[in-house]
Engineer: 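The structure that follows is given in the form of structure tokens.
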Amino acid sequence: MARRKRTLSFTLTGGGVILLGLLIVLSLFWVYSRLTGKRWLGSLFQAQESRAVYSTLERVDDLALLECAVYRLRVVYPFDFPELPEDLPVLMGRNDFCVISAQVTAGYDLTTLLSLPQDQNLITRTGEEIHLNLGKPEITSFKVADQVVKDKGFPDMAVTPEEWRIIVVALTPLIEQMALDHGIIEEAEQYGRDFFLRLFKGAGYENITILP
Amino acid sequence: LELIEDRVQRMEQLVTARQTYREVIYTEKKLLLADKRVLFSLIFNVEAGVRLENCRVVKQPGGGVIVYLPPVEILSIDADESSIKQYFVKEQLTPVRFSDFSTVVNEEKEQILIEARASGLENRAEANAVNGITAIFRMAQIENVTVKFSEVLSLDRKGNN
């Protein structure tokens, strides 16, 4: 009897308690694996992912957007932007970065131009002479390429959707300015004229005047 | 390696229709005690129209013109980042990373493309392209305009005079 007491005392102290606990945990995992059909140890380290998307068509717009020039670029945030707004702390000091591919287009929004009254037409004809008074083109779109980081081999930066929005909104005017500095408006004006010249020359009008 | 030229390039396209979709997206990832969840919404714009590089205008006897256009196509599907509304983020032991939501956004584009086509975006864009081209010539008092689409969408349409 005295020997049994000593053995019991040894089991309930020290490593025995840990061993017993481990056995209970393993038994529970074994039961869990039998019930769920999952590999009981693998499930511990298996990431569980789920997602749901709800989609709604909100608007349909009729347009006449003549896009004449495009400026595509790739920038590294934040390093390509040494003078960022002070209220833009996103990614700062995290040794993190992201590569952003963007494109800016310029041209003419004819949606409104086409509905102007007859006396305000931007294209008029006097006999066999066509007069173009298109005015200055404008930036018609700014798009950030939707990218999958893993495919590009760049590190997957820690950023939430809201922080991503803040970054893109802050960079939009800076990137648009880059496009302007590269002469996107002037190029769009020239390419737009080329298009209208081709259009009306094809229609048999050789005498085309472009008004400033 | 994808090369991007650091200069402005010519582009000739007429965007004639746009559909705007709002997507509400929820993602979650769990591993041991790590748990991250995000719920947000954003807008996708799908634009359709015609590329005008191969646009051809032929004068007809009697003063009219025929405009030959390539078929209407979906020109872009773009997630508008400025429209993101983040409802909540849970970051337990691990931060939310770009790929956690950008992957879903990219995959969703395929579904939106299918929906946009099924809802007749291209047909609407084609009708608007005819109206737009016709209106340009009408401004120059050229009334008899016929617009013809080549290849797949060979729906001949005559501008309303």
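Within every chain, numbering begins at 1; the chains are lettered A, B, ... in the order of the sequence lines, protein sequences first and strands thereafter.
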Engineer: Any salt bridge between B:Lys85 and A:Glu162, counting N to O under 4.0 Å?
Structural biologist: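 Between A:Glu162 and B:Lys85 there is no salt bridge, as every charged N stays at least 4.0 Å from the carboxylate O atoms.
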
Engineer: If we define contacts as heavy-atom pairs under 4.5 Å, which of B:Gln19, B:Glu28, B:Arg56, B:Glu115 has the most with chain A?
Structural biologist: B:Glu28

Engineer: Select one option (side chain, backbone, both, neither) describing which atoms of B:Glu107 are under 4.5 Å from chain A's heavy atoms.
Structural biologist: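 Contact with chain A: side chain only.
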
Engineer: Could you check which of B:Val89, B:Thr94, B:Val24 has the highest count of heavy-atom pairs closer than 4.5 Å to chain A?
Structural biologist: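 Maximum pair count with chain A is reached by B:Val24.
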
Engineer: Please identify, among B:Asp80, B:Val65, B:Leu52, the residue contributing the most non-hydrogen atom pairs under 4.5 Å to chain A.
Structural biologist: B:Leu52

Engineer: Tell me, out of B:Leu42, B:Val104, B:Val58, who's got the most heavy-atom pairs with chain A below 4.5 Å.
Structural biologist: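 Highest number of heavy-atom pairs under 4.5 Å: B:Val104.
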
Engineer: For A:Glu187, is it the side chain, the backbone, both, or neither that has a heavy atom closer than 4.5 Å to a heavy atom of chain B?
Structural biologist: side chain

Engineer: Under 4.5 Å from any heavy atom of chain A, what part of B:Val38 do you find: side chain, backbone, both or neither?
Structural biologist: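 B:Val38 touches chain A through side-chain heavy atoms alone.
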
Engineer: Holding to ring pair (Phe, Tyr, Trp, His ring centres under 6.0 Å), I want the full list of residues that pass it with B:Phe44, two or more places apart in sequence or in another chain.
Structural biologist: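 Ring pair (Phe, Tyr, Trp, His ring centres under 6.0 Å) check on B:Phe44 returns nothing, list empty.
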
Engineer: Against chain B, work out which of A:Leu132, A:Ile184, A:Val144, A:Val168 has the most heavy-atom pairs shorter than 4.5 Å and name it.
Structural biologist: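 Ranked by contacts with chain B, first place is A:Val144.
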
Engineer: Check whether B:Ser41 gets within reach of chain A through its side chain, its backbone, both or neither, counting any heavy atom under 4.5 Å.
Structural biologist: neither

Engineer: Decide if the gap between the ring center of B:Phe137 and the ring center of A:Phe200 is smaller than 6.0 angstrom.
Structural biologist: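 For B:Phe137 and A:Phe200, the ring centres are under 6.0 Å apart.
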
Engineer: So B:Ile25 and A:Pro161, do their side chains get closer than 4.5 Å, heavy atoms only?
Structural biologist: no

Engineer: Are any of the side-chain nitrogens in A:Arg165 or B:Glu81 under 4.0 Å away from the carboxylate oxygens of its partner?
Structural biologist: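 So A:Arg165 does not pair with B:Glu81 through a salt bridge.
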
Engineer: So, A:Asp194 and B:Arg10, do they make that salt bridge, N to O below 4.0 Å?
Structural biologist: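 Salt bridge present between A:Asp194 and B:Arg10.
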
Engineer: Check for a donor-acceptor pair, side chain of A:Arg125 on one end and backbone N or O of B:Ala140 on the other, with a separation under 3.5 Å.
Structural biologist: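 A pair under 3.5 Å: yes.
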
Engineer: B:Arg97 side chain to A:Asp156 main-chain N or O, any donor-acceptor pair under 3.5 Å?
Structural biologist: yes

Engineer: Rounded to the nearest 0.5 Å, how far does OG1 of A:Thr105 lie from CE of B:Met11?
Structural biologist: 6.0 Å

Engineer: Quick one: of A:Gly107, A:Ala145, A:Gly183, A:Ala52, who has the most non-hydrogen atom pairs under 4.5 Å with chain B?
Structural biologist: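 Looking at each of A:Gly107, A:Ala145, A:Gly183, A:Ala52 in turn, A:Ala52 comes out on top.
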
Engineer: Count the heavy-atom pairs under 4.5 Å between each of A:Ala64, A:Ala203, A:Gly204 and chain B, then report the option with the highest count.
Structural biologist: A:Ala203

Engineer: B:Ile43 and A:Glu58: which non-hydrogen atoms are nearest, and at how many Å?
Structural biologist: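 Smallest interatomic distance, heavy atoms only, reads CD1-OE1, 4.3 Å.
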
Engineer: Taking NZ, NE, NH1 and NH2 as the nitrogens, is one of them in B:Glu12 or A:Arg198 under 4.0 Å from a carboxylate oxygen of the other?
Structural biologist: yes

